Number of protein chains: 2
Amino acid sequence: MAQQPMYQQIADDLRSQIDSGDLVPDQQLPTELELRKTYDASRNTVRDAIKRLTSLGLVETRPGQGTFVTRKIDPFVTVLTQDAATGYGGGEGATYRSQVEEDRRTPFASQIKVEAKSAPPEIATRLGIGEDDQVVLRHQERYIDKVPWSMQTSFFPMEFVTSRQAPDLLIAKDIEEGTVRYLEKAMGIKQTSYRDWITARAPDENEQNFFGIPHDGSVFEIFRTAYDQTGTPMRVTVTVFPADRNQFIVNVGQPPDL
Amino acid sequence: MAQQPMYQQIADDLRSQIDSGDLVPDQQLPTELELRKTYDASRNTVRDAIKRLTSLGLVETRPGQGTFVTRKIDPFVTVLTQDAATGYGGGEGATYRSQVEEDRRTPFASQIKVEAKSAPPEIATRLGIGEDDQVVLRHQERYIDKVPWSMQTSFFPMEFVTSRQAPDLLIAKDIEEGTVRYLEKAMGIKQTSYRDWITARAPDENEQNFFGIPHDGSVFEIFRTAYDQTGTPMRVTVTVFPADRNQFIVNVGQPPDL
DNA sequence: GCAAATTTGTTCGTATGTATT
DNA sequence: CAATACATACGAACAAATTTG
C-alpha cells in the first residue's frame, strides 16, 4: 500500500513541518502518544520516524521530557591554511582564540591535561619514533559560546623534556605564547611546515557524551603532523570536531577574501 | 539488571567477534533467528544490535539474504593542495586520474552530463552572479576499482558560452585537457587560486543509493571556488565523497614526502 | 519458469524500566 | 509520591526480496 514505509512518511511530514517553520527550534514535538493518534500509527512506528530525524540532527529527545527541534548551531569555520607564510597553522591553540574572536564569538578552553606515556602506533609512525618511546601528551577541550566545540591532543617526543630544553611541556598549564613559539624560543626548533590528514568517522562514547551528539552522528578527526626546519616531525596534534558545528577552509594560492 | 542495554551488549559482542577476526569480511552473520537463540533475546532486540553495527559501517544487511561483514574499503586520499605552484588543484578531473593511478588503482569516470539552468543560491553567491543568471553545469560520477567514489558537479557562468569563447563547456564530452586548461587556452582565463570549503553531512537518498551507504552514514561535501588572475570567480565545483572511503590531505609549507 | 523456503523489513500490541517534572 | 515521557524488551504477523528445489 505504501510506496514509502509509514515511518518514513511520518519522518518526512515532520521534517517538512520543521523546514517550513511550522515547528520552530527548541519547540517540543507532540509526544509519542499524541503522534500515535495523529498519524494513526503504533508508538513503535512513531519512534522509528523520530529516530530518522535524530540521526539527521533535526530533533533531540530527552528522556522524561520530550522531543525538541534542535536549534541550528552556527557553524564555526576553521582555516587550515592560516598564516602559511609564518608557519603558524589554523586551529592551533595560539591561533584558535583569535580566529574565534574575529567572528565575535567567545572562546573558552579547559585546563590542559598533561600525560606521559608510550607512543600509540599511529602517533609513533608520524613522529618517526618507536612505539616504546615515550611522548608528552597535552590535551584540551574547547568551547565556543559555552558549546563544546573540539577536543585536541598534542604529542611531543619526550626527548624535548628529558634533554631539559623544553621542560614546560610537562607543566599542565596553558603556555601563553603557544607551544610552537615556546619550542622555537627554548630549543631553536622552528615549525616550517605541516600536513593535515582529514577523516570523518562515528563518535565514540566519550565524544557522544562530551559533544552531545547521537551515536550515529559524525566527527571530523584531523591529524596534524608539524615539521621543523630540518624536515623532522616535531609534533602530532589530533583534533576531533563534531561535524554538525564545524567546517573547514583550505586556501591555495591567494584567493580574494570572503 | 543490565548496566548496558541488551542490544548494546549484543552489538559489542558481535563487534568484538569482527575485530578479533572471528567473523571475517564478506562472511554472513548468523541469521536474526539464530542470533535470537544465541543471545536469548527477541528478534527486535537482535535487530537493534545489528542496526548499531550497520551505522558503524561494520556490517551490511541485504534483504532476503542476510547480514554480512563489510570488507574494509582501502581509503583513497585526495591531496587538496596538489600542485599549488601551477594553480592546478587536487581532485580535479585533470588530476584525479593521475592521483589515482599513482596509487596503482584503476580510475573510471562516467559520461559527463551537461545541463544549463538558473544558478542555485549557494552557487550564485560564490560565482558572484545573480540567482537568475544562467550557469553551465557539468556533472560526473567517479569510481575507483569499480567502486563508486565521488560525485562532482562544476558550475561555470553561462557567459563563457554565450560570449562564444568557450563553447565546448556545453558539450557533454570529457574535455581531455581538463576544463582549467581549456578555459585558459580558449579565453585566456587562468586559474591562479582556489578556496575549498569542507563540510560533512548525512547523505540524501540519491547518494545513499549511488554509494551504497546507510541513511545514517556520512559524506564529505567540498565546495571549491576557483579564481582567475584578476581575482574573479571562474568556477564552483561541488564534490560529494562518502566518508567511509575518502580522506584528505592539506599540505602547508613544504612537508617531507610520506 | 515457478513454487517453496529462507531472510530481512515493517507494523502492531503490550509490558516494564528510567528520567524528569 | 504521582504523573508524564522516553527507553528497552518481548511476542506476533504479514510483506518483500532472494535463493533454492
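The basis for the numbers below is simple: all heavy atoms, side chains too, and nothing from hydrogens, waters or symmetry mates. Letters A, B, ... mirror the listed sequences (proteins, then strands); counts begin at 1. Everything quoted here is computed from the prediction, not taken from an experiment.
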> Given atom CG of B:D48 and atom C1' of C:dT8, what is their separation to the nearest angstrom?
Replying inline: 14 Å
> If you check every side-chain atom of A:P5, which of D:dC6, C:dT11, D:dA9 has the closest atom?
Replying inline: C:dT11
> Rounding to a whole Å, what distance do you find between B:L33:CG and C:dT6:P?
Replying inline: 10 Å
> Separation of A:Y39 atom OH from C:dT11 atom P, in whole Å?
Replying inline: 14 Å
> Would you say the side chain of B:R138 lies within less than 4.5 Å of the side chain of B:I175, judging by non-hydrogen atoms?
Replying inline: yes
> Which nucleotide in the list D:dA7, D:dT8, D:dC10 gets nearest to the side chain of B:T45?
Replying inline: D:dC10
>> When you measure from the side-chain N and O atoms of A:T61 to the phosphate of D:dA7, is any distance below 4.0 Å, counting only OP1 and OP2?
In response: yes
> For the pair made of CD in A:E32 and C1' in C:dG13, what is the distance, rounded to whole Å?
Replying inline: 15 Å
> Which pair of non-hydrogen atoms, one from A:Y96 and one from A:Y143, has the smallest distance, and what is that distance?
Replying inline: OH-O, 2.7 Å
> Rounded to whole angstroms, how far apart are CG on A:D40 and C1' on C:dG13?
Replying inline: 14 Å
> Of the nucleotides D:dA17, D:dA9, D:dC6, which has the atom closest to the B:P63 side chain?
Replying inline: D:dA17
>> Quick check on DNA chain C: between B:Q65 and A:Q65, whose nearest nucleotide comes earlier from the 5' end?
In response: B:Q65
> Under 3.5 Å, is there an N or O donor on one side and an acceptor on the other linking the side chain of B:R43 and the base of C:dG9?
Replying inline: yes
>> I'd like to know if the side chain of B:T95 pairs up with that of B:R97 as donor and acceptor (distance under 3.5 Å, no hydrogens or angles considered).
In response: no
>> Does a side-chain N or O of A:Y7 approach OP1 or OP2 of C:dT11 to a distance below 4.0 Å, or not?
In response: no
> To the nearest Å, how far apart are B:N44 CG and C:dA15 C1'?
Replying inline: 14 Å
> Any side-chain donor-acceptor pair under 3.5 Å between B:D204 and B:Q208?
Replying inline: no
> Which whole-number value in Å describes the distance from A:Q9 CD to C:dT10 P?
Replying inline: 12 Å
>> If the cut-off is 4.0 Å, is A:T67 near the phosphate of D:dC6, judged by side-chain N/O to OP1 or OP2?
In response: yes
> Judged by modelled atom types alone, do B:R15 and B:Q17 share a side-chain donor-acceptor pair under 3.5 Å?
Replying inline: no
> Atom CZ of B:R47 and atom P of C:dT10: how far apart are they, to the nearest Å?
Replying inline: 7 Å
